[in-house]
Asker: 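Before I ask anything, here is the structure I am working with.
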Amino acid sequence: MKKMYKILTLFVSLILGTYGAAIAQCTYTTTKAGNFNDPTIYSIVGTGCSTLPGSGSNNTINIIINHAVTLTTDYTIGRNTTLTINATGSLVQDNLNRTLAVDGNTATNQNLIIAASTARSAPRLNVAVLNLAKTTVVIGNNSVVAISCTLFTGNQTTINLGNNALLNVFGNVDVSTGNPGINGPVTGTVAGLRISGNIVNNSGGGAKLFTTNGLTTCVQGNAYPSGCGTTSSTSVVNPPTSNDPTCFTVLPVTLTSLSVTAKSTGALISWATATEVNNAYFELERSTNGKLFTAIGKVQGTGTTSTGAKYSYDDTNPLTSLTYYRLRQVDTDGTATFSSVVAVSAANTLQASFYPNPSNSSITLPAADGVVEYRVYSVTGQVLAAGKGAGNSSVTIQQIPEGIYFLELTAGGKRNVQRFVRQ
């Protein structure tokens, strides 16, 4: 009996010695911005954890990014690791081509999660190569992921995009093995998939990479970017049909915002991009009726960037009536495309502006001294939103159903009612 007990004790010790580390947990949470491989940016919770996430440990590892973190080295998210980029965080490569590999154990593991944002902004994940195998990647509502070279989709790989999320691939999507899938949301605002290069294939599956359910898709078939090395195949696949009607004249700049603000000295037009490809410059155009536009100025573009940029232009000789503005974006080869249109009244009038118009996101209250009271009501008089805000502040209307509405504004003893369309 004693001998049997010793054998059992030895057996248990071997099991714990072999597998015990796998049940421990180490959580690395950023406390400030910095480089991914800088241990001073993390708060570490767990026993026996290394100073950097994933350096030789078999522990279950959770990496939570709440700040702007620079990826200064290639990194692999293993089967026991989950990387979550929260709404306040980002993981952006430095000026070298970096690879983020996700090697999950089963297709149901969510090893990479980009949490939802309140609105689209610059990419929250930006790497040269994203190499996926046996995993599910979640890209939350309004979040943007940019891949400057190659997206590898291996066996049992799924990418799920939330409402209004965007996946931009500036090189190829390489369907290396198996049956991967890129999926849009079941309900709500459709997501976007943009592939500047091609879908290339090794073992089948490329022709079924995505469906247009919940997605606006565009595969442009451009040349593979120089400086990116090569993908594992040159066998170009006929992709599922793109459903973006502007696919081959698509604006090579992803705008995340465009607004105009009335000032006592004129009007300030502001805009931001998430990504740019060969962007030479923006030309500002102005109109009195929203149809016939005249150029009034030029702002140089950034060229090609996957991290986005912010721009502004002062119209110091404004019109005295309701004024419409748009951007004419010009590529380095001379190709030009146009943005949506925004409008603003002179600073002494009580007129809100919408972006886009018809609006599906927000109302910008007019420039005014003090508080502006607003009320949104339907054609039957039902009030759907009401409140107060400072002049030039933004009011979200995403919660209002599609339809025709009226916006009542009151400020400084003035009252104005505008009709607008929510779509």
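In this chain, residues are counted from 1 in sequence order. Nothing here was measured: the structure is a model prediction, and the numbers come from that model.
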Asker: Between the main-chain N or O of I85 and the side-chain N or O of R124, is there a donor-acceptor pair closer than 3.5 Å?
Answerer: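 Here the side-chain-to-backbone pair exists.
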Asker: L91 and side-chain contact (heavy atoms from CB on, under 4.5 Å): which single residue from T70, L83, V127 fits?
Answerer: L83
Asker: Hey, which of I63, N35, I41, V92 is the one that makes side-chain contact (heavy atoms from CB on, under 4.5 Å) with V69?
Answerer: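 One option only clears the test, and that one is I41.
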Asker: For T294 and R286, does a side-chain donor sit closer than 3.5 Å to a side-chain acceptor?
Answerer: no
Asker: Would you check if there is a donor-acceptor pair between the side chains of T72 and N37 at a distance under 3.5 Å?
Answerer: yes
Asker: For F293, check ring pair (Phe, Tyr, Trp, His ring centres under 6.0 Å) against everything at least two apart and list the hits.
Answerer: none
Asker: Is it true that the side chains of R98 and T73 contain a donor and an acceptor less than 3.5 Å apart?
Answerer: no
Asker: Hey, which of T135, L132, N131, L112 is the one that makes side-chain contact (heavy atoms from CB on, under 4.5 Å) with I77?
Answerer: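 With I77 as partner, side-chain contact (heavy atoms from CB on, under 4.5 Å) holds for just one option, L112.
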Asker: Answer yes or no: does atom CZ of R79 have more than 12 heavy-atom neighbours from other residues, nucleotides or ligands under 6.0 Å?
Answerer: no
Asker: Going by atom types alone, do S50 and Y28 pair a side-chain donor with an acceptor below 3.5 Å?
Answerer: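 Short answer, yes.
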Asker: Can you name the one residue among Y313, W271, Y325 that meets ring pair (Phe, Tyr, Trp, His ring centres under 6.0 Å) with F282?
Answerer: W271
Asker: Side chains of Y311 and T302: donor-acceptor distance under 3.5 Å anywhere?
Answerer: yes
